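Let me begin by presenting the structure, written as structure tokens, before commenting on it.
Ligands are counted one by one from 1 in listed order, and the atoms in each one are counted from 1 as well. Quick caveat: nothing in here was measured; it's all calculated off a predicted structure. In what follows, every heavy atom counts, from backbone to side chain, and hydrogens, waters and symmetry copies are set aside.
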Amino acid sequence: VTYSAATSPKFAATLHEDLAWRLLQGLARSASRGVRFADGAGVVLDEHDGVRCVAPDRGWFVVRADSECGWEPSAALTAAARELLDMYAPLCVGPRSGELVLAHLGQSLDGRLATVTGASRFVTGPEDFRHMHRLRALFDVVLVGTETARIDDPQLTTRLVPGRQPVRVVLDPRARLDHGLRVLSDGCAPTIVVLGTDAHAAAPQAEHVDEVRVTYDGGALDLVETLAVLRARGLRRIFIEGGGITVSRFLEAGLLDRLQIAIAPKIIGSGTPALTLAPIEHMAQAITARCRRFTLGADVLFDCDMRAARE
Ligand SMILES: NC(=O)c1ccc[n+]([C@@H]2O[C@H](COP(=O)([O-])OP(=O)(O)OC[C@H]3O[C@@H](n4cnc5c(N)ncnc54)[C@H](OP(=O)(O)O)[C@@H]3O)[C@@H](O)[C@H]2O)c1
């Protein structure tokens with residue numbers, strides 16, 4: 001399809017926040033379908049909000065798929081549009097964008113996700129919540145562990161931002177979740193419950209709920225198999241929203257492409273830990289990640305490229 005400023009109503013001399021956000025969503029949808037934009041391609045939106053490649057000087061931005069930031073401007077853009085593209089473009093273009101697995105945790109200065117009672121509202125601030133809703137909208141799946149579903153009873157919707165609703169996935173290897181939880185009963189979005197193969201109970205019989213069975217051995221759900229089952233359903237971009245045990249297990253299994261940790265200037269002093277991994281003896285064994293840093297209100301977000309991390 002040939003696309004030009006002359007034929008498109010969507011051409012913008014200045015890229016503002018709304019257009020930048022729609023472009024990012026278009027790029028994320030393309031990534032989910034396995035489309036890769038060549039390094040150096042200009043990109044714009046067509047009249048159906050699909051992404052089109054154009055000459056670099058005609059694009060809203062130029063894809064820099066091989067660079068850390070993922071893009072470079074080619075049109076004039078507002079500060080808000082620039083912030084959005086800085087944060088999210090690398091998650092939508094680039095070599096692994098088609099099957100990206102990203103986890104996010106919001107923790108205190110002392111590495112806690114919640115108090116001893118499990119209360120986690122609100123460790124991080126409203127900017128980080130909005131960020132999480134944006135992440136939901138850019139991924140095919142938002143996935144949480146059993147305890148997060150049980151304690152928080154989240155809706156896992158994109159209600160704070162305009163955007164596509166992802167499929168909700170809840171890990172429940174031992175089928176112990178109450179069927180009255182919102183994700184299992186509200187019908188707001190398709191929901192998949194991942195049960196262990198030997199779990200005695202079934203997921204609730206609701207139109208929006210589907211169950212899949214995955215190998216559960218020695219207290220561990222097979223996460224490679226879990227991702228394979230989701231990908232077989234066309235769900236390739238996975239956002240893991242916690243909690244700490246779930247993210248730690250994905251990290252330990254080497255399945256995270258990116259790990260985002262938002263740190264709030266608070267000290268809880270006790271309660272649910274963020275990451276818990278096997279003990280190490282020497283600092284040389286610590287995972288050293290290449291990170292980008294962003295300010296989200298009072299919080300600082302570290303966006304770590306785990307594929308470039310090393311022990
Ligand atoms: N601040 C934040 O960003 C944030 C985000 C999310 C949650 N939270 C808070 O964190 C707390 C929950 O986190 P959490 O770390 O305790 O629990 P979690 O990660 O939500 O859930 C852990 C449970 O999920 C199941 N599970 C997950 N991965 C598994 C695997 N690979 N194999 C087997 N089972 C697996 C297990 O269930 P079984 O026990 O049935 O085997 C496990 O006990 C809540 O208080 C919530 O409010 C905070």
Side-chain angles (χ1 to χ4, degrees), residues 101-133 135-136 141-156 168-178 181-183 192-201 203 212-230 238-256 259-268 270-278 296 298-303:
V101 181
L102 178 148
H104 171 282
L105 291 171
Q107 67 172 48
S108 59
L109 285 174
D110 54 329
R112 307 285 173 171
L113 296 183
T115 69
V116 286
T117 64
S120 65
R121 290 196 179 119
F122 296 96
V123 178
T124 52
E127 293 83 358
D128 188 42
F129 271 80
R130 194 170 158 78
H131 167 62
M132 282 191 275
H133 281 235
L135 288 176
R136 290 174 184 175
V141 156
V142 54
L143 179 151
V144 294
T146 316
E147 283 300 287
T148 299
R150 187 182 71 79
I151 296 171
D152 292 358
D153 193 10
Q155 299 174 71
L156 303 178
R168 307 180 293 191
V169 174
V170 184
L171 304 185
D172 188 16
R174 296 184 287 154
R176 62 185 177 88
L177 287 179
D178 187 313
L181 289 173
R182 291 198 278 197
V183 285
I192 297 174
V193 182
V194 180
L195 298 173
T197 20
D198 298 334
H200 292 306
V212 297
R213 299 265 173 175
V214 166
T215 308
Y216 180 61
D217 195 14
L221 202 57
D222 188 327
L223 297 177
V224 172
E225 193 182 325
T226 302
L227 292 182
V229 165
L230 295 175
I238 314 292
F239 169 39
I240 303 162
E241 206 178 283
I245 293 174
T246 301
V247 174
S248 300
R249 297 268 177 102
F250 272 95
L251 178 57
E252 245 165 10
L255 296 173
L256 290 188
L259 173 61
Q260 296 199 341
I261 299 192
I263 302 181
K266 294 176 185 168
I267 295 171
I268 302 178
S270 56
T272 311
L275 294 174
T276 312
L277 302 173
L296 288 177
D299 307 326
V300 176
L301 179 85
F302 287 83
D303 173 25

Specify the protein heavy atom at minimum distance from atom 41 (O) of ligand 1: its residue, its atom name, and the distance to 0.1 Å. R174 NE, 3.2 Å

Within a distance under 4.0 Å of any heavy atom of G219, pick out the atoms of ligand 1 and give their elements. 32 (N), 33 (C)

Polar contact flag for H104 and ligand 1 (N/O pairs, less than 3.5 Å): no

In terms of side-chain geometry, is the basic nitrogen of R150 or E147 positioned less than 4.0 Å from the acidic oxygen of its partner? yes

Out of L221, L195, V194, which one pairs with Y216 under the side chain to side chain contact (heavy atoms under 4.5 Å, CB included) rule? L221

Nearest non-hydrogen protein atom, atom 7 (C) of ligand 1: T148 OG1, 3.1 Å

Could you pull out, from T146, I245, T276, the option with a heavy atom nearest to atom 36 (C) of ligand 1? T146

For ligand 1, which atoms have a heavy atom of L171 less than 4.0 angstrom away? 27 (C), 28 (N)

How far is atom 21 (O) of ligand 1 from the closest protein heavy atom, and which atom is that? E147 N, 3.1 Å

Considering the heavy atoms of L221, write down every atom of ligand 1 situated less than 4.0 Å from one of them. 30 (C), 31 (N), 32 (N), 33 (C)

Please state which protein non-hydrogen atom is closest to atom 45 (O) of ligand 1 and give its distance, to 0.1 Å? G118 O, 2.8 Å

Sub-3.5 Å N/O-N/O distance, I151 and ligand 1: no

Any N or O of A119 closer than 3.5 Å to N or O of ligand 1: no

Only heavy atoms of E241, strictly under 4.0 Å: list the atoms of ligand 1 that pass. 5 (C), 6 (C)

Students should be able to answer this: which protein heavy-atom is nearest to atom 29 (C) of ligand 1, and at what distance? R249 NH1, 3.7 Å

Is there a donor-acceptor pair closer than 3.5 Å between any side-chain N or O of D299 and the backbone N or O of G125? yes

List every atom of ligand 1 that sits less than 4.0 Å from any heavy atom of G242, numbering the atoms from 1 in the order shown and giving each element. 6 (C)

Quick one: do the S108 and D110 side chains pair a donor with an acceptor below 3.5 Å? yes

Backbone N/O of T276 and side chain of S248: donor-acceptor pair under 3.5 Å: yes

Compare all side-chain heavy atoms of F250 with those of L259 and state whether any distance is below 4.5 angstrom. no

Flag yes if more than 12 heavy atoms outside D217 fall under 6.0 Å of its CG atom; otherwise flag no. no

Show the atoms of ligand 1 that are less than 4.0 angstrom away from any heavy atom in L223. 31 (N)

Between Y216 and ligand 1, which part of the residue brings a heavy atom under 4.0 Å of the ligand: side chain, backbone, both or neither? side chain

Ligand 1 contact by T272, heavy-atom criterion under 4.0 angstrom: yes

Side-chain contact test, heavy atoms from C-beta onward, threshold under 4.5 Å: evaluate it for T115 versus S270 and give yes or no. no

Identify, for atom 19 (O) of ligand 1, the protein heavy atom at the shortest distance, and state residue, atom and that distance. T246 OG1, 2.7 Å

When you measure from the side chain of R213 to the backbone N and O of G196, does any donor-acceptor pair fall under 3.5 Å? yes

Relative to atom 46 (C) of ligand 1, which among L143, L105, D152 owns the nearest non-hydrogen atom? D152

Check whether any side-chain N or O of R136 sits under 3.5 Å from a backbone N or O of R168 as a donor-acceptor pair, and report yes or no. no

N or O contact, D172 vs ligand 1, cut-off under 3.5 Å: no

Is there a donor-acceptor contact under 3.5 Å from the side chain of D172 to the main chain of L177? yes

Backbone N/O of D153 and side chain of R182: donor-acceptor pair under 3.5 Å: yes

Here the gap from L230 atom CG to E225 atom CD, rounded to the nearest 0.5 Å, amounts to 11.0 Å

Suppose we measure from atom 43 (O) of ligand 1 to each protein heavy atom; which comes out shortest, and what is that distance? R176 NH2, 4.1 Å

Do E241 and T148 come close enough that some side-chain heavy atom pair is under 4.5 Å? no

Check this for me - ligand 1, G243, N or O atoms closer than 3.5 angstrom, yes or no? yes

How far is atom 34 (N) of ligand 1 from its nearest protein heavy atom, and which residue and atom is that? P173 CG, 3.4 Å

Atoms of ligand 1 under 4.0 Å from any heavy atom of A114, numbered from 1 in the order shown, are 45 (O)

